[in-house]
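Here the structure is laid out as structure tokens; the discussion comes afterwards.
Order of the sequence lines sets the chain letters (A, B, ...), proteins ahead of strands, with each chain counted from 1. Note that the structure is predicted; figures quoted are calculated from it, not measured.
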Amino acid sequence: MQPPMGNERPPPPGRPVSAFVPGAAVPPPPFAAGGPFARPPQSGATAPPFGAAPPAAMGGFRGPPPSQGPFGAGPPPQGPFTTSAPPSQGPFASAPPSQGPFASAPPSQGPFATAPPSQSPFTSPPPSQGPFAAGPPPTSPFAATPAPFRPPPLSLAQPQSPTGGALPPPPTYARPPQTQGYYTGAPPANPQFPMSRPAFQQPVQTMPPPPMGPAATFGNQAAYAGPPVGGTLQSLVEDFQSLALSSAPGSLDPGVDVKGLPRPLDGDEEPVKLMEAYPLNCHPRYFRLTTHAIPASQSLVSRWHLPLGAVVHPLAESPDGEEVPVINFGSAGVIRCRRCRTYINPYATFADSGRKWRCNLCTLLNDVPGEYFCALDASGRRYDTDQRPELSKGTVEFVAPTEYMVRPPMPPSYFFLIDVSVSAVRSGLLEVVAKTIKSCLNELPGFPRTQIGFLTFDSTLHFHNFKSSLSQPQMMVVADLDDVFLPLPDDLLVNLVDSRHVVESFLDSLPNMFHDNVNVESALGPALKAAFMVMSQIGGKLLVFQSTLPSLGIGRLRLRGDDVRAYGTDKEHTLRVPEDPFYKQMAAEFTKNQIAVDIFSFSEKYSDIASLGSLAKYTGGQVYHYPSFQAPTHGDKLKLELNRDLTRETAWESVMRIRCGKGVRFTTYHGHFMLRSTDLLALPAVDSDKAFAMQLSLEETLMTTQTVYFQVALLYTSSSGERRIRVHTAAAPVVTDLSEMYRQADTGAIVSLLGRIAVENSLSDKLDSVRQQLQLKLVRSLKEYRNLYVVQHRIGGRLIFPESLRFLPLYILAICKSLALRGGYADVSLDERCAAGFSMMILPVNRLLNFIYPSLYRVDEVLTMEPNKIDASLKRLPLTFQCLDTGGLYLLDDGFTFLVWLGRMLPPELVNNILGLTLAHFPDLSKIQLRECDNELSRNFMKILRTLREKDPSYHQLCRVVRQGEQPREGYLLLSNLVEDQMAGTSSYVDWILQIHRQTQS
Amino acid sequence: MVFVWLTAFFLVVALIVLVIYQLMCLADLEFDYINPFDSSSRINKVVMPEFVLQALLSVLFLLSGHWAMFLLSLPLVYYNYTLYQRRQHLVDVTEIFNQLGREKKRRLFKIVSLIVLLFLSLFWLSGSV
């Protein structure tokens, strides 16, 4: 919270440097770190005004009021130091306008003005340095030292050594003579800098005055070598990490400490620390930028080789106690900017004693409606700010008045399209589906308005009349597939409450109705058309249960199969794109009429998920794939996932738009939706299991603002029939320094975005080249980073990477080995590959990370523990075969499947207890089902499974058991998921790191 | 002969009009004046007529023995033909925003070559008159 203070305070001469060092060093919240660190010396060194500061800082952040006080007092004494102060303000400019004193930014430049020439470069993007603003000013001290940049070690070595020596693990973490790296990096980026530096010397040289005075030349360094050791040290250490990769020439040992390689065993790391720096931002679970530092210039963007963008999860489930506040503006109407249509948000500022508000995105001054007026306090903050969530919280929901409706809010409606051909009957699918739907009837959202309907099909279409006056549903068969018509004008999609008894009796009889069906054909295309006709008036959700390849009527698909000859050629990708344009056209029609399609596919043979999935892809739907569905084994999975699909809170007929401040623009979007205009995502239905990713581009060559604001707005109809707008607002600083971008990078978001881009590329390119592109991006970014710190290059055989991206190499390796992108023809069946690809396009960050780098637990040791201690003692293990002990029982969880691996030396009693049968008598483990047996071990084991499933309710993990050495199941179930191991044609983690390292050096 | 050039002239003008119409639809889409559904259905409606006219034009040149003009117009016909073969001649409503740039470039290129043809046939027309 001190952040602003940290930098704003007039630092003693040494200060800028110190602020700068931690700034450079501390990973996520540079300011937070800068703050604490900065404080001690400060309070001692500076006067009381600042003592009062810390609490104020927070306010200063959101805006003006408290911070102003101290500053009001501040400036005068600060005289000389203001020099360094103003720029630092940048980051906190989060609420810039409000910052009374600083708003009038000019003063900040004043100091520089002393060195007129220098000013020019900076004035344009004055405090562009943002948080690191610390950056440029400190330069000066160095600049002052004789030969500052080129032969740096000399001048810097001295102060460095103490710190370096003090470092806990000196070898692994190279403590950079940071400053150096910093500067060496910067100049190429921005030619202005070198110019400006000399200019800076003057003002800064005059600075050294009071507290830090002692070591004139090295005062600055002394500053950081000296004071709050703990904080500094840590931050220094974290500045960048490196891996020693030196191997003795000629030796086979790669010289890599395998155990020391970074592994994301704690799963996803949400950048929650940003919330401290930007308390008014929405929670990162809703909106995550790939780097929380927006580059100020195109040249910076081009040097940031990773994708620049965001991952948005608009309806993420919030934990209890953090529900999204709902606001009704009543007669005032929803308050939005006149020009850019931004919704009012905590970063908006008020002016003209509360009669006007300034839009933070486009800086237009808007009128405040009379009903919404509230007076401002001395600092320009509204008195009622704390009572109004829209002015104090990053995530709010507005009730939308009638202007936001093109028609009355639709009722939630569910239409089921069920394939009843012979394979569906034989696999027991009908029974599971009918039972599950029946059990969900009570929980369908939107009671009492919910609409429901069914259509079954094989080679003909069977319509079902659910008129409430009937006691039994009536079935009408339409055999004309070329010209589909509805046999009834209505009563095909009916109100659930009115027709409940008819629907129930239909569901009861459904399995028997088609029990003797031997029809093998499937007329999916005509059935889709019929469903469209039924639903087109209302919209809603269409659930398609398909168990064979569509073979009749329009939209029939060929058994184009998985052609081994196509792999590695230019035609490879055509297997992964829809074959028949019918499906895309249908998808477009569905979206237009607010219909979302969820595909449940059950075929044991090829069923062309690539084509079917495009229905879900463009309608905001989802693809569920159950290869070789058999009710006894897969029944539970289908039941729970269908249940989740039907009962989760769903937002209907929605559109989403992301607005951002001047200078940046979202260009490409990745996920399941349809673009209705360049930046408007049409989402017929969206729920908490879907996330979207998008890429950002700069529109201007040079950003002049210090902060960029983003606002995600999702306009939707809730199940209760209310039109709502969910708004997430976030701010991010603009930086001029590449190393800051790396420091603020968010691996989770980067991996999510990269994964989606890779899956999309695989639709137009060979898998092999998709993987190469991924690798290339990784290499380029690490190379660029290495160049930043090129002076430390003497640590020759090291791979340098920013702390924030320490897991990136492994994750990228994991994406390359993920179900969607791994290997070639024989490794994954085409349908599974496509289904995994569709899943990767919608998974939220944490689930995606768990999918590509599954959790592996050793279970046998914890089974005997007290049930309540089990959770705490489950530890994730690295995904390598070396972790598997032949005497152990392991559990692999990728979010979709549980894989239980039985070691060869595992005591038979243990196995028998858990499986509930004697292993020796049960050779085929693929048919096994785990049930809770009457013994402690089994109860504990099932409890573990339950807890893991509860963590992520969006999918139900199917439990599969495999014995060590059981070929080929062990190979494709487990070994291919051990992403750190070498598999045919892919490298192990160590090889990968070596490879990357070699390429970054070349 | 005059008749041939006159027909060619009108054919080229018609082609230019069709391509400009498609370009306008794309531009409207970009500036959010129409939605992708309308835009793509409007464009797709005129794609086949355009291809047919283009083919007619070439045939006309061929039959009337204007080899140079025929060779000049051939690349466009061939290009249309390959697009048709690959079934990429229609714009895809679901991906239209991702392909906007490419589609526009395609049509601008067509326009340029059509304008060249237009001037040439004007030249021949005036020559033969």
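When all heavy atoms of Pro36(B) and Leu675(A) are compared, the closest pair comes out as CG-O, 3.5 Å.
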field: Glu589(A)/Phe37(B) under side chain to side chain contact (heavy atoms under 4.5 Å, CB included): CA gap, chis, key distance, verdict
entry: CA-CA 8 Å; Glu589(A) 292 293 311; Phe37(B) 308 104; 5.7 Å; no
query: Between Gln585(A) and Val93(B), is a side chain to side chain contact (heavy atoms under 4.5 Å, CB included) present by the stated rule, with each step listed?
result: CA-CA 7 Å; Gln585(A) 284 158 13; Val93(B) 60; 5.6 Å; no
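Here Glu95(B) is the residue among Arg87(B), Glu95(B), Glu30(B) with the most heavy-atom pairs under 4.5 Å with chain A.
Note: Thr668(A) OG1 to Phe97(B) CZ = 13.5 Å, rounded to the nearest 0.5 Å. Between atom CG of residue Leu100(B) and atom OG1 of residue Thr678(A) there is a gap of 8.5 Å, rounded to the nearest 0.5 Å. From Asp38(B), atom CG reaches atom NZ of Lys592(A) across 6.0 Å, with rounding to the nearest 0.5 Å.
Annotation: Lys584(A), atom NZ; neighbour count of heavy atoms from other residues, nucleotides and ligands within 6.0 Å is above 12. Annotation: Gln537(A), atom CD; neighbour count of heavy atoms from other residues, nucleotides and ligands within 6.0 Å does not exceed 12.
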